[in-house]
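In the text below, chain A, chain B and the rest are named by the order of the sequence lines, each starting its count at 1.
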2 protein chains.
Amino acid sequence: MKIDTIGVQAFVAIAECGSFQTAAESLFLSQAGITRRLQNLEDYLGVKLIERTTRSMALTQVGAEFLPHAKRLLIELAGSLNEIRDSGRLKRGSVTIACVPTVGVRFLPRIIQAYSRQYPENHIKILDHTSAGVSRAVLQREAEFGITIAGSHHAELFGVPLIEDKFVLVCRDDHPLANLPALEWRDLEPHPLISIGQFSGNRPLLDRAQQENGVSLQSLYEVQRVSTALGRVAEGVGAAVLPGLALQREAYPRIRVLKLGNPVVSRGLVLITRKTAELSPAAEALYELVKSYQDNAE
Amino acid sequence: MKIDTIGVQAFVAIAECGSFQTAAESLFLSQAGITRRLQNLEDYLGVKLIERTTRSMALTQVGAEFLPHAKRLLIELAGSLNEIRDSGRLKRGSVTIACVPTVGVRFLPRIIQAYSRQYPENHIKILDHTSAGVSRAVLQREAEFGITIAGSHHAELFGVPLIEDKFVLVCRDDHPLANLPALEWRDLEPHPLISIGQFSGNRPLLDRAQQENGVSLQSLYEVQRVSTALGRVAEGVGAAVLPGLALQREAYPRIRVLKLGNPVVSRGLVLITRKTAELSPAAEALYELVKSYQDNAE
DNA sequence: GATTATTTTTGCGAAAAACTGATCAATCTC
DNA sequence: GAGATTGATCAGTTTTTCGCAAAAATAATC
């Protein structure tokens, strides 16, 4: 059950060089070493592979049959090994990460651009998930790391805070609040709002903020996705409290975005990995890049 | 440029066992040894392949991608190596030999039968050649050994005499010589004979025999193959001096075979190999078998 | 046919490496 | 929190490997 390539390597070298001496040189070894290696292999196999005199050398029947296999195996092994080495040295390979939709749309693109400039060959796959889904994907190793909304940590996960995404009021320019200079949560109470459904990670944050500040907002309409809410606002149905990062400014010209104070409520975005994770070099590079964007966010 | 399977073997074992301890046992190694082997491989690759805590272990992204390749390579290598080992231990494999047509038809079949009983899996390929062709085939390694007519040895060839194939007179039952009790070469002089062409290894033997004994035979007809000569004899064209082994008794009912004395001329059959040859185990076995038939021939 | 020259094999001491056993650290179970 | 299990680490020993030099083998040459 003792498998070793060292002898095979010697065999192939000798066969290709046509001489022990040159083969030894090509393997940076003394000719005595080569002889020993081949002898060991032949002893193990119980068959001579190379027929040799001092003047000439030729493959045995068995040796000739083995050579192509041996060569191919060696090349494939070396290839695999080198590929992995490259993946480490050059941080090559593809990376799969998971994040909540907002992050994927607004936060990541510029980071990915920067990453692609540095590692043009690498492919990044982004899994859009709810905040719970991101944790799950990371835990199950579907993604090497994730970006999600701060909250309850799973014990095996390790989080690094990235940025605070402040909640803002979104309304159309003809909304009563549209032109107020400063806005507080209490100001919203009279106005019916479009709210985001249960599954979004934003909801618990908003509910708690209301409770702690004794504010009670009216939910007029409940939608599941931020983009839907935005559409309703644009249609004039009402205003909505949304995470600032979720907005794509250009999409609707008449929409106003107002800062909300007293208190400033925000959702923290965190970069999560498994505590014991060994990231692939390509992923490690992206991870570090994301971390470096910690503060220069909106 | 340093390729070695030992680490890869450890990696695969660990991945498959799901534990260092059991992997160590499966490789008949201590746990520390396994750890070391994997560490060496990982150091060489510059990448962690297995993510491990004392309690759990899982493949890294890179490791997971590598595992199937590694497994396949190892299996193929072990397979090739074992195949060769078997070829030695069980003398498995196919053998190619070269011989002159006569031998292939009359001398070899029973040997091959015996060989096949002992090594039913082995395949024997026989190359029919002229006597010069047999030498060439052996020298050029087309055949592992050969059986041909004794004569000039090439320096690199080594011959073992096998049997003496005596020349006989072949004639139809209505031929004047057909019923003579004993026959000498001189008796043939009055009769026109069918002779075998230049390329046959028999010709020089016959010519020399005539010269040495002052006998001069009449060549009526020259054909290239023994079987053709036999056909002509059967048609009543004349008699022929042929090597005894060449005859298939059953073929022509009216044909008589007469021993030729004074002198008895025979062609020696020799078993030839290259002097430096390393026969494959399967060939070696056949070689020895052929040699054992040295004397019990017709 | 003996000699020479070249190349492989072998012997041996030194060096490197791998292996083991014990111990340590971390995690999980009870 | 104690005990058990598992991988990592370390030191010491064994094994293997390597390179040099001498020897053996073989082809070429004279």
Open item on the list: Using whole Å, what does the distance between atom P of nucleotide D/dT26 and atom CE of A/M57 come to?
Closed with: 16 Å

Open item on the list: What is the distance, to the nearest angstrom, from the CD atom on A/Q21 to the P atom on C/dT6?
Closed with: 11 Å

- [ ] Output all residues satisfying side chain to side chain contact (heavy atoms under 4.5 Å, CB included) with A/I6, sequence neighbours left out; order by chain, then residue number.
- [x] A/D4, A/R37

Task: Whole-Å gap separating P (D/dA27) and CZ (B/R274) - done: 12 Å

TODO: Hey, could you give me each pair passing salt bridge (Lys or Arg N to Asp or Glu O under 4.0 Å) that has a residue in residues 12-23 of chain A? Not counting sequence neighbours.
DONE: A/E16-A/K71

Open item on the list: So, OP1 or OP2 of C/dT9: does either fall under 4.0 Å of a side-chain N or O from A/T35?
Closed with: yes

Open item on the list: Test of understanding: with side chain to side chain contact (heavy atoms under 4.5 Å, CB included), list the residues that count as partners of B/T102, not counting sequence neighbours.
Closed with: B/L245, B/A246, B/R267

Task: Length of the CZ-P vector between A/F20 and C/dT8, whole Å - done: 6 Å

Open item on the list: Rounding to an integer number of Å, can you tell me how far A/L41 CG sits from D/dT17 P?
Closed with: 12 Å

- [ ] Return the set of residues passing side chain to side chain contact (heavy atoms under 4.5 Å, CB included) with A/A13 (not counting sequence neighbours), or none when no residue passes.
- [x] A/A23, A/S26, A/L27

Open item on the list: In this structure, how many angstroms lie between the P atom of D/dG7 and the NZ atom of B/K48, rounded?
Closed with: 15 Å

Task: side chain to side chain contact (heavy atoms under 4.5 Å, CB included) involving B/K125 - partner list, sequence neighbours excluded - done: B/T96, B/L127

Open item on the list: Rounding to an integer number of Å, can you tell me how far B/L38 CG sits from D/dT6 P?
Closed with: 18 Å

TODO: Can you tell me which residue pairs pass the salt bridge (Lys or Arg N to Asp or Glu O under 4.0 Å) test with a partner in residues 133-162 of chain A, sequence neighbours excluded?
DONE: A/R136-A/E142, A/R141-B/E51

Task: Spacing of B/F11 atom CZ relative to D/dG7 atom P, expressed in whole Å - done: 15 Å

Open item on the list: Looking at A/R89, I'd like to know if its CZ atom is crowded, meaning that more than 12 non-hydrogen atoms belonging to other residues, nucleotides or ligands lie closer than 6.0 Å.
Closed with: yes

TODO: Encode nucleotides 17-30 of chain C as B, S and - characters from 5' to 3', where the letter depends on protein heavy atoms closer than 4.0 Å: B to the base, S only to sugar-phosphate, - to neither.
DONE: -SBBB----BBS--

Task: Donor-acceptor under 3.5 Å (A/T5 side chain, A/V8 main chain) - done: no

Could you list the donor-acceptor pairs under 3.5 angstrom formed between side-chain atoms of residues 58-65 of chain A and any protein atom two or more places apart in sequence or on another chain?
residue	atom	partner	partner atom	Å
A/T60	OG1	A/K48	O	3.3
A/T60	OG1	A/L49	O	3.3

Open item on the list: When the axes are fitted on five pairs at both termini, how much does the helix from C/dG1-D/dC30 to C/dC30-D/dG1 curve, in 10° steps?
Closed with: 30°

